[in-house]
Amino acid sequence: MTSDDVTGEKFCRGCGSVVLERIEDSRAEWHSSSKDEYDNRTRTGSPTSLAMHDMGLATIIGRQNKDSYGKPLSSLMKSTITRLRVWDSRSQMHESASRNLTEAFGELKRLADKLALPDAVVEKTAYIYRKALEKHLVKGRSIPVLLAAALHIACRDSGTPRTLREIADQNNVKIKYASKCYRLLLQELDLRMPVVNPVQCISRIASKVGLKEKTKRGAIAILEDAVSKDVTSGKNPMALAAAALYLSCVINGDQVSQKVIALAAGVTEVTIRNRYKGLGKTLDLDLSGHHNSNIMPDYAK
DNA sequence: TAAGATAAGAGGGACAT
DNA sequence: ATGTCAGTCTTATCTTA
């Protein structure tokens, strides 16, 4: 468990889910730390989730005028409960914000399914989206586009590389618009993104194409060497990974075209060519004899 | 058919005005 | 704020093996 220096939020380093929204705000705690506290819970049922518009508290007050033993309520109690019920429903739905969240999180679930993303990322996205809504960044922008941006941030932040393009495509959102929103969120929410390690991208591309384990390892070796020689900064990590993989394919005699890898990586063939020329040069590989693997250094085999 | 080469253009960051 | 600049990446087209 760590806490955010700026906002004072506590969140889990492992899964990224926010545990305590504001430290001095005692109402928002939903992780019980002791058995006692757990037993005192008045709520039961599914665990709360940030990806529900009301954090999963939708049914605090039921519709029947019965107490917890099933006995009817006194008339005094009844009016109290009725009043509470009004507040309850207001806090659930009366704002446009809530409606927005309901719709957005429905969309988010759908999107996460399509992209096969873990729950932690969904939670993180929901959290970011809430923040964006609080800051009134959603107003005047479409829900899907903000969602795409938030999802991309969540992915990057939790080391689950998904390009903004992939997300935007799944969401039927213009990439250009999505990247604008992405930067907007970064700036407005004061977020800092870790630099994507291109090595992480390799296995995704490799498995998409169905490459051998050996070529994958070769690509990682190439890429790590390139990173250590500091020739990778400013380059698209996906392009670097794709280039390293292609290089490794050539070395290992795998008959895979640039086109296939380019498609899997979401970059162009030209970009792969440019990158892998650079890689070959800095790593001192001889690229002239494509099918002569003997000239390649051992680490890449 | 795959890969290389070249050129034009888009988009965004850095930096100065 | 606005403009310029270098660098990256994409799209398109032609050539080469």
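Chain letters run A, B, ... following the sequence lines, proteins first, then strands; residues in each count from 1.
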Problem set entry | Contacting residues from residues 179-189 of chain A, given that a heavy atom lies under 4.0 angstrom of DNA chain B | Ser179(A), Lys180(A), Arg183(A)
Problem set entry | side-chain N/O Lys259(A) vs dA2(B) OP1/OP2, d < 4.0 Å | no
Problem set entry | Residue pairs, two or more places apart or on separate chains, that pass salt bridge (charged side-chain N to carboxylate O under 4.0 Å, His left out) and touch residues 231-241 of chain A | none
For this session: Using a strict 4.0 Å threshold on nitrogen-to-oxygen distance, state whether Asp113(A) and Lys109(A) make a salt bridge.
Result: no
For this session: Please report the closest heavy-atom contact between Leu146(A) and Cys181(A), naming both atoms and the distance.
Result: CD2-SG, 4.3 Å
Exercise. For dA3(B), does either OP1 or OP2 sit under 4.0 Å from a side-chain N or O belonging to Tyr276(A)?
Worked result: no
For this session: Round to a whole Å and report the spacing from CG of Leu164(A) to P of dG12(B).
Result: 11 Å
Seminar exercise, completed: Residue pairs passing the salt bridge (charged side-chain N to carboxylate O under 4.0 Å, His left out) test with at least one member in residues 139-165 of chain A, sequence neighbours excluded, are Lys124(A)-Asp157(A)
Exercise. Taking the side chain as C-beta and beyond, is there a heavy-atom pair between Phe105(A) and Arg110(A) under 4.5 Å?
Worked result: no
Exercise. Can you pull the salt bridge (charged side-chain N to carboxylate O under 4.0 Å, His left out) pairs that have at least one residue in residues 239-266 of chain A, sequence neighbours excluded?
Worked result: Lys212(A)-Asp254(A)
Seminar exercise, completed: Whole-Å distance, Met238(A) CE to dC9(C) P, equals 13 Å
For this session: Determine, for Glu166(A) against Arg204(A), whether the closest basic-nitrogen to carboxylate-oxygen distance falls under 4.0 angstrom.
Result: yes
For this session: Look at Gln258(A) and dG4(B) and indicate whether a side-chain polar atom (N or O) is within less than 4.0 Å of OP1 or OP2.
Result: yes
Exercise. Once you round it to whole Å, what is the distance between C1' of dT1(B) and CD of Gln255(A)?
Worked result: 13 Å
Exercise. Can you give one letter per nucleotide of nucleotides 10-17 of chain C, going 5' to 3': B for a protein heavy atom under 4.0 Å from the base, S for sugar-phosphate only, - for none?
Worked result: BBB-----
For this session: When you get a sec, tell me which of dA5(B), dT8(C), dA2(B) is the closest nucleotide to the side chain of Lys277(A)?
Result: dA5(B)
For this session: Scan for salt bridge (charged side-chain N to carboxylate O under 4.0 Å, His left out) pairs involving residues 142-154 of chain A, sequence neighbours excluded, and state none if there are none.
Result: none
